[in-house]
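Naming: A, B, ... by sequence-line order, numbering from 1 per chain. Remember, it's a predicted structure, so these values are computed and weren't measured experimentally.
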Amino acid sequence: MAKYLDELNDPQREAVLHKDGPIMIIAGAGSGKTKVLTTRITHLMSAHNVDSFNILALTFTNKAAAEMKERIERILGNSEARNLYVGTFHSVFARILRGEANKIGYPNNFTIYDTDDAKSVVKTVINELNLDDKQYKPNVVYNRISAAKNALIGPAEYATDYGLQQEDARSNRPMIGQIYDAYSKRCFKNGAMDFDDLLFKMYILLKNHPESLSKYQHKFKYILIDEYQDTNPAQYEIIKLLGAMHENVCVVGDDAQSIYSFRGATIENILQFQKDYDDVKVVKLEQNYRSTKHILNVANEIISNNKNQIEKKLFTDNDEGEKIKLVRTMTDNDEGKMVADTIQEQKLRNHFFNKDFAILYRTNAQSRSFEEALRRMGIAYRIYGGMSFYQRKEIKDFIAYLRIISNTRDEEALKRIINYPGRGIGKTTIDKAVLLANENNLTLWEVLSNAGIYGFRSGTLESIDGFVTMIKMFQSELQKKNAYDLAIIVGKSTGIVKDLFNDKTTEGLARYENVQELLNSIKEFTETPMNEEDGEVGDKGLGTYLQQIVLLTDADDDKENADVVKLMTIHAAKGLEFPVVFVGGLEETLFPNAMSINTREELEEERRLFYVAITRAKTTLYLSFSNARYRFGQLQQNDPSRFLEEIPELHVDRSYAGGATRNNANSNQGNAFQRMQRGFGGSSSVREPSGNFPEKKKPAYSVPQARPQVKEHTVSENFVASDTSNLQEGQKVEHQKFGFGEVKKMEGSSHNPIATISFKDNGEKKIMLNYAKLRILETE
DNA sequence: GATTATATGGTTTTT
DNA sequence: CCATATAATC
């Protein structure tokens, strides 16, 4: 038996050894599903001689795909893995569509619109239909269109679907069908597809073009899908088409971790799978190798509150571990401080590195307080998600040039840069040109490049001609230069790079650096040898580059080994694991989020999200919530999350207080929530005066606070951290945070000296000199 | 047409 | 609070 099979448990091995026919693997959190997937692919190749060109594996992130390839390569010991078709649904389909676009009337170098571009088109279309964008909010309309596409409902069907029409009428938005139609037409005219089109058009292609369908059915003899619980109907149908010939479809998922229903994902796909295919083999992976017993038990308890789920019971042979820590803080800033303090302390006490910690939250906006606290402590961190690199204005502007060079039909790109940098082509001119384009059924670019015949004022005409000439020059350069060289020329000729360079403000500097980074990334792209099969769509050109970067998440480009604390939403943490995990903001209206408590389905998804958060932790889990936090610029009171009620008391440790020992009532009765309520004398109906919370106002039961209160100390102007290697007892010092004090005692090894210092305002503290910033006061 | 001041409104999660 | 949209002013 091959060595790699020995490393599997029974059900894992069963999943790997099953060769032909549909198989569904229900894989609990931390049960080694990635291992099963990679081993399965390896096994197909090495034991069954399946050609690597005939395997398709779909993942949710590019990073997961890269990791999978790498692992397979390692086991196989050769470079066959590079021939595998591994990637996200979106990137794999984009690649296929790039080759087949002509069949559905699109140019091969079609542009991919990100959400911002797409919403902007929606907005344009709404205005052009003379509809009120207050009534038809672009955001809402876009989501509606997106949902339709994910359910494979095109504009024609949308307009005639009674149910949908009723819904829209009821919500006072009866024209959405028309907007959808106009939006689709405009995208088509622009030679552009949005994210959902990558699925929708892929489906259309396979459905309407038997030769394409046949081609890919033959090619993909084995299909594997990761995170199956998060697939939507469009993805389901595509897979059904692709897999119809061989039926060698392997799906791996966990219904308990389904958290993308807002993107159209449905657990129905799991149930439907067993109906659509004959003799589906089902394997359950229930042994968790990731977490301690305490953590896993809490997770099991939480998820058992959901009615909708597939029967399974996760277990682990891992240690009992520590109880999970539950911390209440006063404000979101305190919460940030508590987490930063704890990380610092854990690093010292348990020799953790920064990269062993993850801070997870429900919404991106929560990152701020954590970020500030970490920065203040000098702890290196990285935020994933939020505004990604390619969404920044300066980057999008620059890329818009490349987009218009590659695809002149891309109206969004054109509008973005036609007057950036300023060249005297203002709103009036653009509106007029767009109108002309619409009236004459031309693209905006066509109007501009023939501006002479449309009676623009001579000055404006001159500007337009100058712009058009410049873009044409870029296009001719494209014939002889690679993407990087072209980008350099663009940066120079437009003056963008110079402008940014001359802007010496902090933001200007950052923008300049970002553009430089963009140029570097283009360079890297042009210099990296190409994946063999990308050759099928021609070049290593600009078009390929542009299509690639839109689908990049910033989780993808991670410097895996950087020693930084990771901050991200729970959604973004799916599939990852960390030794120590903090989950912040466990409060009503935030988590579960107020937007998602109106139906059982929504609430259960929030609970699954909580489940995902908990199961990211290997050894230590902190849950925190705050009395009040700033939202929309205002301090808002919140009750503790209802999910906390669901945690059995025996797994919880509330004595934790950011390192300080506290004598709190350790009653073993009731659950965490009840104790919390009691502790606060009947809950958060107690309104604190906004702003500062007086220290003295302690409840009868002392519920642990994040930290002993520190009297704020403002450091002296001339504060410079002194060399403390020769610190002596009796010396007077100033501490960055605790203020002035006197050294009472020196102890600890020379490696890790610890001073006991009596502070004027904050009492006696033990200070680790390796980390503290102390200024030794000159003794007279 | 560009620059600056003021108003508005938005936060759920992402490819 | 922050980012974007509109109005006001040059």
Tell me the interatomic distance from [X], atom [atom1], to [N], atom [atom2], rounded to whole angstroms.
X      : N      : atom1 : atom2 : result
A:Y420 : B:dT3  : OH    : P     : 13 Å
A:R368 : B:dT11 : CZ    : P     : 18 Å
A:D133 : C:dT4  : CG    : P     : 16 Å
A:E606 : B:dT13 : CD    : C1'   : 8 Å
A:R263 : B:dT12 : CZ    : P     : 17 Å
A:N232 : B:dT14 : CG    : C1'   : 12 Å
A:F632 : C:dT4  : CZ    : C1'   : 15 Å
A:N593 : B:dT14 : CG    : P     : 12 Å

Legend entry - Same-atom distance (C1') from C:dT6 to B:dT11, integer angstrom: 23 Å
Inset, instruction - May I ask whether A:Y260 stacks on the base of B:dT14, given the cut-offs of 5.5 Å between ring centres and 30° between planes? - result: no
It should be established whether [X] places a side-chain nitrogen or oxygen under 4.0 Å from OP1 or OP2 of nucleotide [N].
X      : N      : result
A:T569 : B:dT14 : yes
A:N419 : B:dA2  : yes
A:N139 : B:dG9  : no

Taking the side chain of [X] as its heavy atoms from C-beta onward, which of [options] lies nearest to it?
X      : options                : result
A:T429 : B:dT14, B:dG1, B:dT11  : B:dG1
A:H571 : B:dT11, B:dT15, B:dT14 : B:dT14
A:T363 : B:dT11, B:dT14, B:dG1  : B:dT11
A:T428 : B:dT14, B:dT11, B:dG1  : B:dG1
A:K134 : B:dT15, B:dG9, B:dT13  : B:dG9
A:T88  : B:dT14, B:dT15, B:dG1  : B:dT15
A:T460 : C:dA5, B:dG1, B:dT12   : B:dG1
A:F195 : B:dT11, B:dT15, B:dT12 : B:dT15

Inset, instruction - Ignoring hydrogens and angles, answer whether the base of B:dT15 and the side-chain atoms of A:T115 contain a donor-acceptor pair closer than 3.5 Å. - result: yes
Inset, instruction - Indicate, yes or no, whether a donor-acceptor pair under 3.5 Å links the base of B:dT12 to the side chain of A:S596. - result: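 Side chain to base: pair present.
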For [X], which contact category applies under a 4.0 Å heavy-atom criterion: base, sugar-phosphate, or nothing?
X      : value
A:D196 : nothing
A:K574 : nothing
A:K137 : sugar-phosphate
A:D114 : nothing

Inset, instruction - Determine, using ring centers only, whether A:Y381 and A:F370 are less than 6.0 Å apart. - result: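 Not under 6.0 Å, so no.
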Legend entry - 5' precedence on DNA chain B between A:S91 and A:E602 (nearest-nucleotide basis):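 Its nearest nucleotide lies further toward 5', so the answer is A:E602.
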Legend entry - 5'-most by nearest nucleotide on DNA chain B - A:I425 or A:V550: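 Going by which nucleotide is closer to the 5' end, it is A:I425.
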Legend entry - Six-ring centre of A:Y611, A:R607 cation under 6.0 angstrom, axis tolerance 45°: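 No.
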Legend entry - Aromatic A:F60 / basic A:K574 pairing, under 6.0 angstrom, 45° off normal: yes
Legend entry - Side chains of A:Y142 and A:D194, donor plus acceptor under 3.5 Å: no
Inset, instruction - Could you check A:K207 against A:E237 for salt bridge (Lys or Arg N to Asp or Glu O under 4.0 Å), going step by step and ending with a plain yes or no? - result: CA-CA 10 Å; A:K207 192 78 184 165; A:E237 293 300 331; over 6 Å; no
Legend entry - Lys/Arg-Asp/Glu bridge criterion (N-O < 4.0 Å) met for A:D332, A:R368: yes
Inset, instruction - Taking the side chain as every heavy atom from C-beta outward, state whether A:Q547 and A:L97 have any pair of such atoms under 4.5 Å apart. - result: no
